[in-house]
Number of protein chains: 2
Amino acid sequence: MYRIGELAKAFEIKSDTLRFYEKQGLLAPSSRSSSGYRMYTEQDKQTLSFILRAKAVGFSLADIKSLLSIEVDKANSVCADVKALVNAKLTDIEVKMAELTRFHISLQRLADACCGSAKSAEHCTVLEALESDVDQVRHEHHH
Amino acid sequence: MYRIGELAKAFEIKSDTLRFYEKQGLLAPSSRSSSGYRMYTEQDKQTLSFILRAKAVGFSLADIKSLLSIEVDKANSVCADVKALVNAKLTDIEVKMAELTRFHISLQRLADACCGSAKSAEHCTVLEALESDVDQVRHEHHH
DNA sequence: ATAAACCTTGGATATAGGTCTAAGGTCAAG
DNA sequence: CTTGACCTTAGACCTATATCCAAGGTTTAT
């Protein structure tokens, strides 16, 4: 069992953030101590880990809540519903990854065009990388 | 040359957003009409495309500004500086992609464990997927 | 030549996601 | 048995990223 400050420290967030997540319906401590302190279990800790990882990959707290609600409602959920929700999130992730890949290619092209030495950056600009990218997009559209 | 509303419509954003980006130092129109209208060039349009793509992959406006500043300062920049900045952003992207991949694997495991039929979701919960994930992480740490 | 649809500026409002403050209760160490 | 680190609540405040509004000037279509 962890007190709020311990759990916060373990994940390098503020206690306030945990209280905020609780108010948002994302993560409530499994119990309270006799003096009213929030007491978090190992499972709560895992849920928090999930929340933070999901946030890190760009999901909103609302998205995360909907994923976690599977857990809360599991007796009332049916597999098909769960699967549909999860598959939707998987598609979101795939879209994000495709965008990241495209952006990575653009920046990589910029880095490659760049001399890397102490000469002027006259010919290594974001705009030049973008221009080639636009060309590439046009090219793709042609077939 | 595009007027603000034309450019906004082309990217499905509001004119307000373009004025906002200008105030933030991200994108100023290349010129103004005699009556003071913002006039955007093809290059401005490309810069906007860059801004929106960068935003879509999770960069903040501040991050994007630092990338664009390469362009503005290019006469005063040296390739090495540009390359270092771009490489830092490339690393950011690689980290994001690794996180997305890991998250995708977790959710995929959940979807796979899920029957997909109209039975109770008793055994397809985010937490169960997480538990296996934690095990996997522990496993990785062991070698 | 006038309405619709633009544009201008400056400032108010909104939403997400926290972060901090005030006023006070609890707990472990010296 | 007090000091300092923790905890409680309610609510104010903050940053990022827009979006909207007011009051007025300009352009385009009819």
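What you see is a predicted model, and the numbers here were worked out from it, not measured in a lab. Computation of the quantities below employed the complete heavy-atom set of this structure, encompassing side-chain atoms and omitting hydrogens, waters and symmetry-equivalent molecules. Within every chain, numbering begins at 1; the chains are lettered A, B, ... in the order of the sequence lines, protein sequences first and strands thereafter.
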Q: Can you tell me the distance, in whole Å, between the CG atom of A:Leu27 and the P atom of C:dG18?
A: 13 Å

Q. Below 4.0 angstrom from OP1 or OP2 of D:dA18, is there any side-chain N or O of B:Tyr21?
A. yes

Q: Can you tell me the distance, in whole Å, between the CG atom of A:Leu18 and the P atom of D:dT8?
A: 10 Å

Q) So, is B:Arg38 close to the C:dT9 phosphate, meaning a side-chain N or O under 4.0 Å from OP1 or OP2? A) yes

Q) Does the distance from a Lys or Arg side-chain N to an Asp or Glu carboxylate O, for A:Glu22 and A:Arg32, drop under 4.0 Å? A) yes

Q: Please confirm whether any donor atom in the side chain of A:Tyr37 sits under 3.5 Å from an acceptor in the base of C:dG25, or the reverse.
A: yes

Q) Do we see a donor-acceptor contact under 3.5 Å between the side chains of A:Ser66 and A:Asp63? A) no

**Q.** Most 5' of A:Lys23 and A:Gly36 on DNA chain D, judged by nearest nucleotide
**A.** A:Gly36

Q | Spacing of A:Lys65 atom NZ relative to C:dG17 atom P, expressed in whole Å | A | 12 Å

Q: For B:Arg3, answer base if it contacts any base atom (sugar-phosphate contacts may also be present), sugar-phosphate if it contacts only those atoms, and nothing otherwise; contact means non-hydrogen atoms under 4.0 Å.
A: sugar-phosphate

Q: In whole angstrom, give the distance that lies between atom CZ of B:Phe11 and atom C1' of D:dT19.
A: 20 Å

Q. Are A:Lys96 and B:Phe103 in a cation-pi setup, meaning NZ or CZ lies under 6.0 angstrom from the ring centre and within 45 degrees of the ring axis?
A. no

**Q.** B:Lys9 NZ - C:dC6 C1' separation (whole Å)
**A.** 10 Å

**Q.** Any B:Ser35 side-chain nitrogen or oxygen under 4.0 Å from OP1 or OP2 of D:dT27
**A.** yes

Q: May I ask you to say what A:Ile13 touches in the nucleic acid, namely base, sugar-phosphate or nothing, with a heavy-atom cut-off under 4.0 Å?
A: nothing

**Q.** Rounded distance (Å) that lies between atom P of C:dC6 and atom CG of B:Leu7
**A.** 14 Å

Q: Rounded off to whole Å, could you give me the CE-to-P distance for the A:Met39 and C:dT26 pair?
A: 16 Å

Q.
Any base atoms under 4.0 Å from B:Ser33, or only sugar-phosphate, or nothing? Heavy atoms, all strands.
A. nothing

(Q) Tell me if the centroids of the rings in B:Phe11 and B:Tyr2 come within less than 6.0 Å of each other. (A) no

**Q.** Short side-chain N/O contact to C:dT9 OP1/OP2 from B:Arg19, under 4.0 Å
**A.** no

Q | OP1 or OP2 of C:dG17 under 4.0 Å from side-chain N/O of A:Thr17 | A | no

Q: Begin from the C-alpha positions of B:Ser33 and B:Arg38 and carry the test side-chain hydrogen bond (donor to acceptor under 3.5 Å, both in side chains) through to its verdict.
A: CA-CA 7 Å; B:Ser33 74; B:Arg38 288 167 177 80; over 6 Å; no

Q | Distance, rounded to the nearest Å, where A:Asp16 contributes CG and D:dA10 contributes P | A | 14 Å

Q) Hey, is the side chain of B:Arg32 poking within less than 4.0 Å of OP1 or OP2 on D:dT26, counting only N and O atoms? A) no

Q | Phosphate contact (D:dC20 OP1 or OP2) by B:Lys14 side-chain N/O below 4.0 Å | A | yes

Q | Residue met sooner reading DNA chain C from 5', once A:Ala62 and B:Ile4 are mapped to nucleotides | A | B:Ile4

